[in-house]
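For reference, the structure is listed below as structure tokens.
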Amino acid sequence: MRLAVVGLSLEANTFSSVHATIEGMRNRGDIHLGQQITEHYAGSTSTLAGFLDPDVPDGVELVPLVSFRAGAMGTFTADTFAETTREICRSLAGESWDGVLLGLHGAAVAEDVEHADAEIAVRVRATVGPDVPIGVVLDMHANVDQQLVDAVDVLRIYQTNPHIDASRQALECRAGVIAIASGQPRPATVLERLPLVVNILRQGTQDEPMAEILARCAKWESEEGMLDVSVAEGFPYADVEQMGMAVVASHHDDETVARAAAADVAAAIWAARDHLQDSAPSVDDALAAVCVHTGPGPILLLDVGDNVGGGSCGDSTVLLQAAQEQGVGGIAFTLWDPACVRALADQEIGARVTATVGGRSAEQDGTPQTVEAVITGRSDGEFTDSGPTHGGFSRFNVGPTVALRTSIGNAVVVTTHPQGNTSAELLRMVGVEPTEFTAIVGKGVHSPKAGYGRICPTMLMVDTPGVTRASIDQFSYRRRPRPMYPFEPETTYPPHH
Ligand SMILES: [Zn+2]
């Protein structure tokens, strides 16, 4: 039994004008072919690591073909979407497969294709034919549509945020594909979409009400013949007609039971709709909290408006500017700024410099900040983290990196590639020990928590401006479903009642 493994993932923030391109993926080392995929993801807990886990039943051969990972940014350019899907289909064509394992995100959008994930699955289906089982694993931020569900045989969705169960979902997906390839029937899978957005501040799956909703899924999964009941939180930064929360339920052979499970969980989500909304403290309130923080450990400030995992660039200086102006020291910042790294390339460690950092991308409200600082560290930007991290990644490459210490005692770690500060090893790589600071700034909402959880028992989400801001009523939507809660408070569900 030969199973092909392919991947194409993008979380598209349609409010960002920074497109996802082949060149960008190549520069960041996020395109892999054949055995490179196995080597790159080995030891991680990502989707592809799960698909390629060597512990397979006798007679099953895993064949990694091609993987593109664009991360979170704006939409795919039309050329990049055409080229990546063509490469995937070309790698699958001309051979006979017993199954295909396809790693997607679920919130991909291309300039010219709104339902990009569904389109990828449809093209893969057209390539391998109607009888080859296709298994797909989606990120929990997927905006799931019926076309995608119809195009595949097995669907699994991460059920943790931060995402720490990617490889476990991939293993389940693979087992489902092997079962179908071994002669079992295609499961009955139903999709129930809700006209509802869960605010990014309320998406943590350890917290209520998500924890209670997922417990309800688990209860349904214990029913005879039920294979999976999953919640997709959706991705509100993609202004597309499939945007919103959804429930996907799969039963061994009974669509009626699957439909009952999906409807029941959807009703529970709808009942919790107010509890799924939230707002965050302002920048000034967050800095006031830093000033009185006495530990234990640093406080983790989550820069929600500059959430790299949601499509921001990671160079917003809104928090840095406020801290410098208010004289608040003891904070460790990270900023994406390749021009700053290049400008400081000839300076030695210990040199006093006047550096201008961050605020260069058009996608946020900060401006470049000029700081008096000492250069305290440097790195080529490659590091590993063997502890828990968002998405299960263990190897990182943020490009040439320089660490600055401002005159009021803030650390600024400036990287060549955008990153969300999801691992404390990023700071340690350049000699910045996070536990010596009063606060750390994470460029994410949930993603930095997995890596910083043990260091920072206290976390504070901050309502900073940007294309991933928590206050989503500030965006002008054109394509999203209407009515939708909380934008239109009179929204009803189920819609036909
Ligand atoms: Zn996600």
Side-chain angles (χ1 to χ4, degrees), residues 7-16 20 30 41 44-50 68-76 102-109 116-117 136-145 148 155-170 173 197-207 210 213-214 230-238 240 242-248 276 302-312 314 388-393 418-423 442-451 453 461 467-470 472:
L8 174 52
S9 69
L10 166 67
E11 183 178 76
N13 184 318
T14 62
F15 299 106
S16 168
D30 285 333
Y41 291 100
S44 77
T45 55
S46 61
T47 296
L48 289 170
F68 300 94
R69 186 164 68 93
M73 50 179 66
T75 56
F76 279 126
L102 176 56
L104 299 176
H105 181 285
V109 184
D117 293 285
V136 162
V137 172
L138 301 176
D139 188 281
M140 201 172 187
H141 292 106
N143 292 316
V144 189
D145 62 17
L148 174 62
L155 188 63
R156 289 292 183 276
I157 305 170
Y158 305 168
Q159 293 295 280
T160 54
N161 192 0
H163 310 320
I164 52 172
D165 65 331
S167 61
R168 185 165 61 75
Q169 298 294 344
C173 177
V197 169
V198 48
N199 190 280
I200 189 137
L201 306 174
R202 284 286 176 172
Q203 291 180 357
T205 51
Q206 301 267 26
D207 313 322
M210 283 306 302
I213 291 164
L214 295 178
S230 292
V231 175
E233 291 183 322
F235 188 62
Y237 305 102
V240 289
Q242 69 269 29
M243 190 268 273
M245 286 187 85
V247 183
V248 176
L276 289 164
L302 296 152
D303 189 347
V304 177
D306 195 26
N307 170 13
V308 173
S312 285
T389 65
H390 180 67
F393 301 106
Q419 45 68 42
N421 195 12
T422 55
S423 163
K443 297 288 197 181
V445 180
H446 302 284
S447 55
K449 291 180 186 173
M461 298 178 183
V467 294
T468 52
R469 65 190 313 149
I472 51 177

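Here the structure is a predicted model, which is why all the values come from computation and not from measurement. All ligand and atom numbering here is 1-based and tracks the order in the structure.
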Heavy-atom count check: over 12 atoms from other residues, nucleotides or ligands less than 6.0 Å from Ile164 CD1?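 Not more than 12 within 6.0 Å, no.
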Short N/O/S contact of His163 with the Zn ion (ligand 1) (below 2.8 Å):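 Looking at His163, which is the residue asked about, there is an N, O or S atom under 2.8 Å from the Zn ion (ligand 1).
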Could you confirm whether Asp139 has any N/O/S atom lying under 2.8 Å from the Zn ion (ligand 1)?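 Short answer: yes, at least one N, O or S atom is under the cut-off.
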Non-neighbouring partners of His163 that pass ring-ring contact (aromatic ring centres under 6.0 Å, His included), sequence neighbours left out: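 ring-ring contact (aromatic ring centres under 6.0 Å, His included) check on His163 returns His141, Tyr158, His390.
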Contacts of type ring-ring contact (aromatic ring centres under 6.0 Å, His included), residue Tyr237, not counting sequence neighbours: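 Partners of Tyr237 by the ring-ring contact (aromatic ring centres under 6.0 Å, His included) criterion, ordered by chain and then number, come out as Phe235, Phe475.
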Which atom, among the N/O/S set of His141, is closest to the Zn ion (ligand 1)?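 When I compare the N, O and S atoms of His141, ND1 is nearest to the Zn ion (ligand 1).
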Show the nearest heavy-atom pair for residues Ala450 and Thr389, with the distance to one decimal.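 Heavy-atom minimum between the residues: CB-C, 3.7 Å.
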